[in-house]
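The block underneath contains the structure these notes are about, expressed in structure tokens.
Owing to the predicted nature of the structure, the values given are computational and were not obtained by experimental measurement. Every chain is numbered from 1 and lettered A, B, ... according to where its sequence line falls, protein lines coming before strand lines.
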There are 2 protein chains.
Amino acid sequence: MSPEPNPARHDRESVARHALALLDEVGLADLSMRRIAARLDVQPSALYWHFASKQELLADLADRITGSIPRGSTDVLATARGIRDALFAYRDGAELVLSTYALQLGSSHAQAALTEALRSQGAAAAEDRGAAILHFVLGHATLVQQRMHADSHGALGGDGEVDVTAGLDRVFDLGVVAIAGDLSAPASPPRVRA
Amino acid sequence: MSPEPNPARHDRESVARHALALLDEVGLADLSMRRIAARLDVQPSALYWHFASKQELLADLADRITGSIPRGSTDVLATARGIRDALFAYRDGAELVLSTYALQLGSSHAQAALTEALRSQGAAAAEDRGAAILHFVLGHATLVQQRMHADSHGALGGDGEVDVTAGLDRVFDLGVVAIAGDLSAPASPPRVRA
DNA sequence: ACCTGAACACCGTTCAAGT
DNA sequence: ACCTGAACACCGTTCAAGT
């Protein structure tokens, strides 16, 4: 019955899951090691038993976010939407994945999903198109997610009453479809010129 | 001849210019108010006479970076390259502009340049395409710039000896041209289907 | 108009020591 | 195997006070 001092021991998995939940609550800017430790009822230094640095922890979180991306679809647009939605599933998810991308962990998983879909649709230069779509999706999702947060915080640009997220889905689809290329033409499109 | 205590007074312009130079040297992660103050030979609190917060200072820097983007070109690809190169002109320039974008300052300038070029080429849905290209360029430039920095720091992904920036120019051009649309067709492209 | 000095509430990280 | 306690070198920001 008495509140024991601290029987709550954790492993890597537990730390990561709590950190991911905290990210969703407070956002990336306020996700400090000390806050995570407090949430785990543990001293900050305890985290360094499980992760060598904050960078490594964040990279792990990014991997978990991109890990839920569905693979194996032959529809490029659906695949791109799957990536976007995985990023949207956690607050600042896009920014986190984008800033961790250079370390080449989960982002290659996302790019592979796109390249697969492009190839199965017979698109030329599938590798380059996959990279381009991933860059577009990451940029787009980061901007949209930031905007959503800025709006809910009441930091408007001055125009007053415009819905900032209006038309962003249209922009997303346009971008993905355009980079994917003319999928109605199988291998070498007949490049019509006026 | 004697080193006077501190006759170096500054205005907003001076602070911003020194901060921008420091950004280029140390990168965004190490650009602290205290470091900027030290560079100006001033106490950290002095910065708050010129800028209300670090956010406001960073937004100003982002504006200066995007302010150098050439306007008025009718070539969409050239305009996109102009934006990318402005971002590349300072260390972490892309990340800075991207993270400040929600506040809607200099990024609208960049998007306007793209929309103008698209319109002058008679592209349909110029507004949406301009937004999509901007999202792509910001995502792409951020990733490339990060990668450059990670490489020079020796943090490889494990593959050993691959040139990571290889083919990125190709991906950039592919993305921009694709989203810009078929510019050889003037107003309503004849949408050929097999 | 522009800056100092001191303070407040934070950071990430290391490391010996505990269990 | 996992954590504490204490320390180190930092942060952004506020505010009275100086010139």
Side-chain angles (χ1 to χ4, degrees), chain A residues 2-20 22-23 25-62 92 95-96 99-100 102-103 149-150 153 155, chain B residues 2-20 22-23 25-62 92 95-96 99-100 102-103 149-150 153 155:
Chain A
S2 64
E4 281 117 47
N6 195 12
R9 319 211 117 212
H10 300 277
D11 53 4
R12 235 176 173 263
E13 171 82 14
S14 170
V15 172
R17 284 209 330 257
H18 281 88
L20 209 45
L22 188 58
L23 168 69
E25 291 174 26
V26 304
L28 190 56
D30 289 332
L31 188 72
S32 67
M33 294 297 265
R34 298 176 113 102
R35 281 250 230 173
I36 297 168
R39 157 75 54 123
L40 290 165
D41 215 17
V42 132
Q43 294 302 109
S45 52
L47 299 179
Y48 292 85
W49 173 262
H50 304 285
F51 294 94
S53 64
K54 186 181 184 182
Q55 249 321 302
E56 193 183 295
L57 209 188
L58 293 180
D60 194 277
L61 300 188
D92 293 334
E95 191 185 340
L96 174 58
S99 66
T100 297
L103 309 173
H149 182 248
H153 242 283
Chain B
S2 65
E4 280 119 46
N6 193 12
R9 317 211 118 211
H10 300 278
D11 52 6
R12 234 175 176 264
E13 171 84 13
S14 170
V15 172
R17 284 209 329 259
H18 281 90
L20 208 45
L22 188 57
L23 168 69
E25 291 175 26
V26 303
L28 190 55
D30 289 332
L31 188 72
S32 68
M33 294 298 266
R34 297 176 112 101
R35 282 252 229 170
I36 297 168
R39 156 76 53 125
L40 291 164
D41 215 18
V42 131
Q43 294 301 111
S45 51
L47 299 178
Y48 292 85
W49 173 261
H50 303 286
F51 295 94
S53 66
K54 187 182 184 182
Q55 250 320 304
E56 192 183 297
L57 209 188
L58 292 180
D60 194 278
L61 300 189
D92 293 333
E95 190 186 340
L96 173 59
S99 67
T100 296
L103 309 173
H149 182 247
H153 244 281

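- Regarding B:Asp41, its CG atom lies at a distance of 17 Å from the P atom of C:dC2, rounded to whole Å.
- Note on B:Ser53: only backbone sugar-phosphate atoms sit closer than 4.0 angstrom, heavy atoms only; bases stay farther off.
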**A:Leu47 vs A:Leu40, side-chain contact (heavy atoms from CB on, under 4.5 Å): CA-CA, chis, key distance, verdict** = CA-CA 9 Å; A:Leu47 299 179; A:Leu40 290 165; 3.7 Å; yes
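- Rounding to the nearest 0.5 angstrom, the gap separating the CH2 atom in B:Trp49 from the NE2 atom in B:His10 is 15.0 Å.
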**Message:** Using the rule given for side-chain contact (heavy atoms from CB on, under 4.5 Å), can you reason through A:Leu28 versus A:Leu58, listing the C-alpha separation, both sets of side-chain angles and the distance that settles it, and then say yes or no?
**Reply:** CA-CA 10 Å; A:Leu28 190 56; A:Leu58 293 180; 4.2 Å; yes
**Request:** Kindly determine whether B:Ile36 and B:Leu57 satisfy side-chain contact (heavy atoms from CB on, under 4.5 Å), including the steps that lead there.
**Result:** CA-CA 11 Å; B:Ile36 297 168; B:Leu57 209 188; 3.9 Å; yes
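- In this structure, B:Leu47 atom CG and C:dT4 atom P are separated by 10 Å, rounded to whole Å.
- C:dA17 and D:dC2 have their P atoms separated by 22 Å, given to the nearest Å.
- Note: OH (B:Tyr48) to P (D:dC11) measures 11 Å, nearest angstrom.
- Checking C:dG5, C:dC3, D:dC2 against the side-chain heavy atoms of B:Ser45 singles out C:dG5 as nearest.
- If you check C:dC15, C:dT13, C:dC2 against the side chain of B:His50, the one that comes closest is C:dC2.
- For B:Arg34, whose side chain is taken as the heavy atoms from C-beta onward, the closest listed nucleotide among D:dC2, C:dG12, C:dA7 is C:dA7.
- The side chain of A:Val42 approaches D:dC3 more closely than any other nucleotide in the set C:dT13, D:dC3, C:dT4.
- Between the C1' atom of D:dC2 and the CG atom of A:Asp11 lies a distance of 11 Å, rounded to the nearest Å.
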**Item:** side-chain contact (heavy atoms from CB on, under 4.5 Å) between A:Glu25 and A:Arg39, worked out
**Value:** CA-CA 12 Å; A:Glu25 291 174 26; A:Arg39 157 75 54 123; 2.8 Å; yes
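- Nucleic acid contact class of A:Arg35 (heavy atoms, under 4.0 Å, all strands): sugar-phosphate only.
- At C:dA1, none of the side-chain N or O atoms of B:His10 fall inside 4.0 Å of OP1 or OP2 (strictly under the cut-off).
- Atom-to-atom, CG of B:Leu40 to C1' of C:dC3 comes out at 12 Å; the value is rounded to the nearest Å.
- Per the geometry, CG belonging to B:Leu58 stands 9 Å off P belonging to D:dT13, to the nearest Å.
- If you measure from atom CZ of A:Phe51 to atom P of D:dC3, you get 12 Å, rounded to the nearest angstrom.
- Nearest-nucleotide positions on DNA chain C for A:Leu31 and A:Ala46 put A:Leu31 closer to the 5' end.
- For D:dA7, the paired nucleotide is C:dT13, the pair qualifying as Watson-Crick or G-U wobble because both relevant distances are below 3.5 Å.
- Remark: the B:Ser32 side chain and the D:dG12 base include no donor-acceptor N/O pair separated by less than 3.5 Å.
- Closest to the side chain of B:Gln43, out of C:dT13, C:dT4, C:dC2, is C:dT4.
- Without hydrogens or angle criteria, A:His50 side chain to A:Val15 main chain gives no donor-acceptor distance under 3.5 Å.
- Rounded to whole Å, atom P of C:dA16 lies 15 Å from atom CH2 of A:Trp49.
- Within the shown strands, D:dT19 is the pairing partner of C:dA1 under the Watson-Crick or G-U definition, both distances less than 3.5 Å.
- Look at the C1' atom in both D:dC3 and C:dC15: the space between them is 13 Å, to the nearest Å.
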